[in-house]
Amino acid sequence: MKILLTYFGAFPGVPVNPTQQVAQALQQRYKYRPSIESIEYVIRELPVSFARSSQELVRILRQEHPDIAISLGVAVGRSRISIEHVAINYDEARIPDNDGEQRRHQLIHAEGETAYFARLPIPFLSARMQELSLPVEVSYSAGTYVCNHVMYELLHHYAHTPDIYAGFIHIPALAVAESQNFSASADAGGVEGTIPTLEESTVVDTLDVIVSELVQHRETTL
Ligand code: PCA
């Protein structure tokens, strides 16, 4: 089984994107876990650009053919890891992307569905996270910036491919000094105010559990 994790680099207000170190830490863990040799773990960076993230994502999906594809983004201002339930066909940015493009009130795909639900067993995951007391919530808005855009593209790509698990997870800022200089942008999934954080190890442990649960769920249901 192949798992693809995408992460983002820096963007305005977030000079170091914590999704990069978290994705790298997860991949390292899988490398040294001999009991799950049948799992291939691929991580790829996506540009924080409306136009280029779409192209790059589709190129990666065509090249890698993952069974489970999860994109990660940071939502500065949130205090828990958010499993996103829905992506909307709408770009509306209060800050420019890394190409200087600030999309306002624009459909992502003119002929596309208004929204897609994540292709993840969300009720199952949410119940497991509660049982394990992990800092996870289900979110019903991935914002209207590049994260929602990527989630929409991901689900649009797999709209007619039912056995692929695909979705988006937002993580909070990490408990490191530089996080307090981040700016929380509401359209990027965050809220205004003081910036809550989680320890990197908590985020990595929790994502590790989420991915393992997804692998098991997919193996037992397909
Ligand atoms: N967060 C932004 C884009 C990249 C990222 O990590 C967002 O929530 O849209």
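All values reported here derive from a predicted model rather than from experimental measurement.
Here the straight-line distance linking atom CZ of R94 with atom OG1 of T144 works out to 6.0 Å at 0.5 Å rounding. The line from CG of L4 to CD of Q63 is 10.0 Å long, rounded to the nearest 0.5 Å. Here the CD1-CD distance, from I43 to Q28, works out to 8.5 Å after rounding to the nearest 0.5 Å. In this structure, the separation between OG on S126 and NE2 on H85 is 9.0 Å, given to the nearest 0.5 Å. Summarising the geometry, atom CD1 belonging to I88 is positioned 10.0 Å from atom OH belonging to Y152; distances are rounded to the nearest 0.5 Å. Here CG of N98 is found 7.0 Å from CZ of R52. Values are rounded to the nearest 0.5 Å.
Looking at K2, its side chain does come within 3.5 Å of a backbone N or O of E64 through a donor-acceptor pair. The main-chain N or O of I169 is never found under 3.5 Å from a side-chain atom of E84 such that the two would form a donor-acceptor pair. Panel note: side chain N89, backbone I108; a donor-acceptor pair is recorded below 3.5 Å. Here the side chain of D99 pairs no donor or acceptor atom with the backbone of E101 at under 3.5 angstrom. The backbone N or O of F8 sits nowhere less than 3.5 Å from a side-chain atom of Q20 that would complete a donor-acceptor pair. Within the 3.5 Å criterion, the main-chain N or O of Y158 finds a donor-acceptor partner in the side chain of R119. Without hydrogens or angle criteria, E92 side chain to H105 main chain gives a donor-acceptor distance under 3.5 Å. D97 contributes a side-chain N or O that, together with a main-chain N or O of G100, makes up a donor-acceptor pair within less than 3.5 Å. Under the 3.5 Å distance criterion, the side-chain polar atoms of S139 are matched with a main-chain donor or acceptor of S141. No donor-acceptor distance shorter than 3.5 angstrom exists from the side chain of R80 to the backbone of P172, with no hydrogens or angles considered.
At a cut-off of 3.5 Å, with distance as the only test, a side-chain donor of E153 or H109 sits close to an acceptor on the other residue. For the 3.5 Å distance criterion, the side chains of R59 and Q55 fail to qualify, holding no donor opposite an acceptor. E200 and Q21 share a side-chain donor-acceptor pair at under 3.5 Å. Between Y165 and H217, the side chains place a donor N or O and an acceptor N or O closer than 3.5 Å (distance only, hydrogens not considered).
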**Asked** Going through the distances and angles, do L125 and E213 end up as a side-chain contact (heavy atoms from CB on, under 4.5 Å)?
**Response** CA-CA 7 Å; L125 272 184; E213 292 288 335; 4.0 Å; yes
**Request:** For E113 and H156, run side-chain contact (heavy atoms from CB on, under 4.5 Å): C-alpha distance rounded to whole Å, both residues' side-chain angles, the deciding distance at 0.1 Å, then the answer.
**Result:** CA-CA 8 Å; E113 299 286 341; H156 186 70; 6.0 Å; no
**Message:** The test is side-chain contact (heavy atoms from CB on, under 4.5 Å); show your working for L214 and I70 and say whether it passes.
**Reply:** CA-CA 11 Å; L214 286 176; I70 305 284; 3.9 Å; yes
**Message:** Apply side-chain contact (heavy atoms from CB on, under 4.5 Å) to residues R29 and V204 and explain how you reach the verdict.
**Reply:** CA-CA 10 Å; R29 284 193 183 187; V204 174; 3.4 Å; yes
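Contact annotation: the side chain of H170 approaches that of C147 to within less than 4.5 Å [non-hydrogen atoms, C-beta and beyond]. At least one side-chain heavy atom of T197 sits under 4.5 Å from a side-chain heavy atom of Q180. In this structure, D91 and V146 have side chains that are not in contact, with every pair of non-hydrogen atoms separated by 4.5 Å or more. A heavy-atom distance below 4.5 Å is not found between the side chains of E137 and I83. At a threshold of 4.5 Å between non-hydrogen side-chain atoms, the residues V215 and I68 count as touching. Contact of the V136 side chain with the V209 side chain is not registered, since no non-hydrogen atoms from C-beta on lie closer than 4.5 Å. Looking only at side-chain heavy atoms (C-beta outward), V86 and M151 stay at 4.5 Å or farther from each other. Inter-residue side-chain proximity for V138 and S82 is flagged as unmet; no heavy-atom pair is nearer than 4.5 Å.
Nearest heavy-atom pair, N17 versus A10, reported as atom, atom and distance to 0.1 Å: CB-N, 4.1 Å. The two residues V48 and G9 come nearest to each other via the heavy atoms CG2-O, 3.6 Å. For the pair S71 and T6, the tightest heavy-atom approach, listed with the atom from each and the gap, is OG-OG1, 2.7 Å. For the residue pair S49 and S53, the shortest heavy atom distance occurs at O-OG, 2.6 Å. Here the closest heavy-atom approach between residue T206 and residue P135 is recorded as OG1-CD, 3.8 Å. The heavy-atom pair separating Y90 from L107 by the smallest distance is CD1-CD2, 4.3 Å.
Connection of L222 to I122 is not established within any shared hydrophobic cluster, with ILVMFWY side chains joined at heavy-atom distances below 4.5 Å, either directly or through further cluster members. Under the 4.5 Å side-chain heavy-atom criterion for ILVMFWY residues, no single connected hydrophobic cluster contains both V150 and V58. V16 and I171 fall into different hydrophobic clusters, where Ile, Leu, Val, Met, Phe, Trp and Tyr are joined by side-chain heavy atoms under 4.5 Å apart, directly or via other members.
The 12-atom threshold is exceeded at CZ of F124, counting heavy atoms of other residues, nucleotides or ligands nearer than 6.0 Å.
Between Y145 and F50, the distance from one ring center to the other falls under 6.0 angstrom.
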